[in-house]
Amino acid sequence: QGNEVALVHSGRMLRIDRLVLRRGAPGAKGQWWVLDYKSTSQPQLQPELCEQLLSYRAAVSQAQAGQTVRAAFLTAQGALIELQVA
């Protein structure tokens, strides 16, 4: 886990607010969570914020090939809003 995790992806420096590896059950793989803090209550409705979070997810997926990577916004109201990848 880490805060303000720096990664380079597609030639750009990215800073992920929070990166967490959640362990799985014994014998199962864990999963990575890319978490992006936002003060707005509905960041998922802003395309530029979604694109940013998905680029963070892509960077972690590339760095952790073969592992499950999930991405979510954490709002100031305490909501966790996961972005689904189509």
Side-chain angles (χ1 to χ4, degrees):
Q1 65 188 11
N3 294 319
E4 294 293 325
V5 176
L7 285 176
V8 175
H9 181 67
S10 298
R12 291 182 23 229
M13 174 62 80
L14 306 176
R15 251 195 223 291
I16 298 170
D17 287 346
R18 182 87 172 139
L19 182 61
V20 177
L21 175 58
R22 186 162 187 250
R23 295 180 191 203
K29 285 186 179 181
Q31 55 187 331
W32 289 94
W33 277 89
V34 176
L35 303 171
D36 195 18
Y37 299 108
K38 296 296 178 204
S39 58
T40 182
S41 63
Q42 295 184 313
Q44 76 280 13
L45 301 180
Q46 297 183 35
E48 65 279 1
L49 297 180
C50 293
E51 288 176 29
Q52 178 187 46
L53 182 54
L54 291 175
S55 71
Y56 295 167
R57 182 191 174 282
V60 174
S61 292
Q62 184 178 30
Q64 302 297 330
Q67 299 220 356
T68 300
V69 180
R70 297 169 75 177
F73 294 112
L74 292 174
T75 70
Q77 296 76 25
L80 182 138
I81 303 167
E82 185 175 2
L83 286 188
Q84 301 300 320
V85 178

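Starting from 1, each residue takes its place in the sequence as its number.
Using a 4.5 Å heavy-atom cutoff, the side chains of N3 and D17 are not in contact. When side chains are defined from C-beta on, T40 counts as touching P43, because their heavy atoms get closer than 4.5 Å. Using a 4.5 Å cut-off on side-chain heavy atoms (C-beta onward), T68 and W32 make no contact. The closest side-chain heavy-atom distance from R70 to V34 is not below 4.5 Å.
Contact record, A59 with L7: CB-CD1, 4.0 Å, taken as the closest heavy-atom pair. The two residues R15 and Y56 come nearest to each other via the heavy atoms O-OH, 3.5 Å. For the residue pair S39 and A76, the shortest heavy atom distance occurs at O-CB, 3.9 Å. Heavy atoms only, all atoms of each residue included: L14 and S55 are closest at CD1-O, 3.9 Å.
Sorted by first then second residue, the side-chain hydrogen bond (donor to acceptor under 3.5 Å, both in side chains) pairs that include residues 41-51, not counting sequence neighbours, number zero. Within the structure, side-chain hydrogen bond (donor to acceptor under 3.5 Å, both in side chains) contacts touching residues 21-30 (residues at least two apart or in different chains) do not occur.
With rounding to the nearest 0.5 angstrom, the CD atom of Q62 is 7.0 Å from the OG atom of S10. Here the CG atom belonging to L83 is positioned 9.5 Å from the CG atom belonging to L49, to the nearest 0.5 angstrom. The distance from the CG atom of L19 to the CG atom of D36 is 12.0 Å, given to the nearest 0.5 Å. Taken from CG in L21 to CD in Q67, the straight-line distance is 6.5 Å, to the nearest 0.5 Å.
By the salt bridge (charged side-chain N to carboxylate O under 4.0 Å, His left out) test, R57 pairs with no residue at all, sequence neighbours left out. For E4, there are no side chain to side chain donor-acceptor pair (under 3.5 Å) partners, not counting sequence neighbours.
Alongside M13, the hydrophobic cluster contains V8 (criterion: ILVMFWY side chains under 4.5 Å). Under the 4.5 angstrom side-chain criterion for Ile, Leu, Val, Met, Phe, Trp and Tyr, the cluster partners of L80 are V20, W33, L35, Y37, L74.
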Take Q64 and Q31, measure what side chain to side chain contact (heavy atoms under 4.5 Å, CB included) needs, and give me the verdict at the end.
CA-CA 10 Å; Q64 302 297 330; Q31 55 187 331; over 6 Å; no

